[in-house]
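Heads up: the structure comes next, in structure tokens.
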Amino acid sequence: MIDLDARDLPARDAYRLMIGIIVPRAIAFVSTISRDGTLNLAPFSFFTGVGSNPPMLCISMIYRDGEPKDSLRNIIDTGEFVVNSVSYELGERMNLTSGEYAADIDEFDLSGLTPVPSLKVKPPRVAESPTSLECVLHQVVTVGNAPKQVGIVIGEIVQFRIREDLYDNGRVNPHTLDAIGRMAGDSYSTTHEIFEMKRPK
């Protein structure tokens, strides 16, 4: 075994270890809208569910030079966002949106993805995504050291939107969803290989 004291590691080294160990990571493909109406679409892989009563999720969003990046700024300003899922067929277009773009760039246009109205929030959902979670902001918890601190966005899901062929007796069929996950570096994983293990009673 190799032992590394986490408190002695530079942040970049700790990050590299984390993204190699915490795998695969679900991708939150987050759509937001700015105060002036500019659409934003960006993927985040430090993302998970929090609880179900009410249904809540959280996403980690890194600051740039001590300032919130576009998605986080839009969420703070408007209190709303949508988490869209990324199927295998959307992978390349999702990746296009992950670049460092100016705040006035519309990643929907850039990626060729289609914004369509949400039911309960102002930011649009991605028409091509098999599922979308419309969310309202519950809280942003800022952690870490400047200038690269992290805003942990905690959101309440107020609307589930699920493609009809995925919905099966109150559940989402993972085979049909065909989601991809983030691994280390530029690597991704698929969910083609799914197996079951029953929990002990």
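The shown structure was predicted, so the numbers you read here are calculated from the model rather than taken from an experiment.
Although no hydrogens or angles enter the test, the distance criterion places a donor-acceptor pair under 3.5 Å between the side chain of Glu128 and the main chain of Thr114. The closest donor-acceptor contact from the side chain of Ser129 to the backbone of Ser85 lies under 3.5 Å. For Glu80 (side chain) and Leu137 (main-chain N/O), no donor-acceptor pair under 3.5 Å exists by modelled atom type.
Residues Ile19 and Val23 share a closest heavy-atom pair of O-CG1, 3.1 Å. Contact record, Ala42 with Ser71: CB-OG, 3.7 Å, taken as the closest heavy-atom pair. Pairing each heavy atom of Val116 with each of Ala127, the nearest pair is CG1-CB, 3.7 Å. Looking at every heavy atom in both residues, Val140 comes nearest to Gly151 through CG1-CA, 4.1 Å. In terms of heavy atoms, Ile157 sits closest to Cys135 at CG1-SG, 4.0 Å. In plain terms, the two heavy atoms of Ile152 and Ser60 that are nearest each other are CG1-OG, 4.1 Å.
Using a 4.5 Å heavy-atom cutoff, the side chains of Tyr101 and Leu110 are in contact. Taking the side chain as every heavy atom from C-beta outward, Met61 and Val30 approach each other to under 4.5 Å. Side-chain contact between Leu133 and Val82 is absent, with no heavy-atom pair separated by less than 4.5 Å. Between Asp77 and Arg73, the closest side-chain pair of non-hydrogen atoms falls below 4.5 Å. Residues Thr131 and Asn84 are not in side-chain contact: their nearest non-hydrogen atoms beyond the backbone lie 4.5 Å or more apart. You'll find the side chain of Tyr63 reaches within 4.5 Å of the side chain of Leu72, heavy atoms only. Taking 4.5 Å as the limit, some side-chain heavy atom of Lys69 sits within range of a side-chain heavy atom of Glu100. Between Phe47 and Ile27 there is no side-chain heavy-atom pair separated by less than 4.5 Å.
The OG atom of Ser98 sits 10.5 Å away from the CZ atom of Phe44 when rounded to the nearest 0.5 Å. Annotation: the span from Leu41 atom CG to Leu96 atom CG amounts to 10.5 Å, rounded to 0.5 Å. A distance of 13.0 Å separates CD of Gln139 from CD of Glu156, quoted to the nearest 0.5 Å. A distance of 12.5 Å separates CZ in Arg171 from CD1 in Ile162, rounded to the nearest 0.5 Å. Atom CZ of Arg182 sits about 9.5 Å away from atom CZ of Phe46, to the nearest 0.5 Å. From Glu67, atom CD reaches atom CD of Gln149 across 8.5 Å, with rounding to the nearest 0.5 Å.
Side chains of Gln159 and Ser118: no donor on one and acceptor on the other come within 3.5 Å. No hydrogens or angles considered: a donor-acceptor pair under 3.5 Å links the side chains of Arg25 and Ser45. For the 3.5 Å distance criterion, the side chains of Asn74 and Ser34 fail to qualify, holding no donor opposite an acceptor.
No path of Ile, Leu, Val, Met, Phe, Trp and Tyr side chains, each step under 4.5 Å between heavy atoms, connects Met183 with Ile194, placing them in separate hydrophobic clusters. The same ILVMFWY cluster, assembled from side-chain heavy atoms under 4.5 Å apart, contains both Ile59 and Ile76. Residues Ile33 and Phe29 fall within the same hydrophobic cluster, defined by Ile, Leu, Val, Met, Phe, Trp and Tyr side chains chained together at heavy-atom separations under 4.5 Å. Cluster annotation: Ile105 and Phe108 are assigned to distinct hydrophobic clusters (Ile/Leu/Val/Met/Phe/Trp/Tyr, side-chain heavy-atom contacts under 4.5 Å, transitive). Under the 4.5 Å side-chain contact rule for hydrophobic residues, Ile2 and Ile21 do not share a cluster.
Other residues, nucleotides and ligands place more than 12 heavy atoms under 6.0 Å from the CG atom of Asp5. Heavy-atom contacts from other residues, nucleotides or ligands closer than 6.0 Å to CG of Asp165 number more than 12. Atom CD1 of Ile62 sits in a sparse spot, with 12 or fewer heavy atoms from other residues, nucleotides or ligands closer than 6.0 Å. In the displayed structure, Asp36 atom CG is contacted under 6.0 Å by more than 12 heavy atoms of other residues, nucleotides or ligands.
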Next on the checklist: Run Leu119 and Glu134 through side chain to side chain contact (heavy atoms under 4.5 Å, CB included) and show every step you take.
Outcome noted: CA-CA 8 Å; Leu119 290 178; Glu134 299 180 16; 3.8 Å; yes
Next on the checklist: As a quick check of understanding, evaluate side chain to side chain contact (heavy atoms under 4.5 Å, CB included) for Val83 and Leu57, giving each step before the final call.
Outcome noted: CA-CA 10 Å; Val83 175; Leu57 53 78; 4.1 Å; yes
Next on the checklist: Please evaluate residues Glu107 and Leu39 with respect to the criterion side chain to side chain contact (heavy atoms under 4.5 Å, CB included), reporting the C-alpha separation (whole Å), side-chain torsions for both, the decisive distance (0.1 Å), and the verdict.
Outcome noted: CA-CA 7 Å; Glu107 289 86 359; Leu39 301 182; over 6 Å; no
Output a table of donor-acceptor pairs, distance under 3.5 Å, between side-chain atoms of residues 173-181 and any protein atom two or more places apart or on a different chain; print 'none' if there are none.
unit_1: Asn173; atom_1: OD1; unit_2: His175; atom_2: N; d: 2.8
unit_1: Asn173; atom_1: OD1; unit_2: Thr176; atom_2: N; d: 3.3
unit_1: Asp178; atom_1: OD1; unit_2: His192; atom_2: ND1; d: 3.3

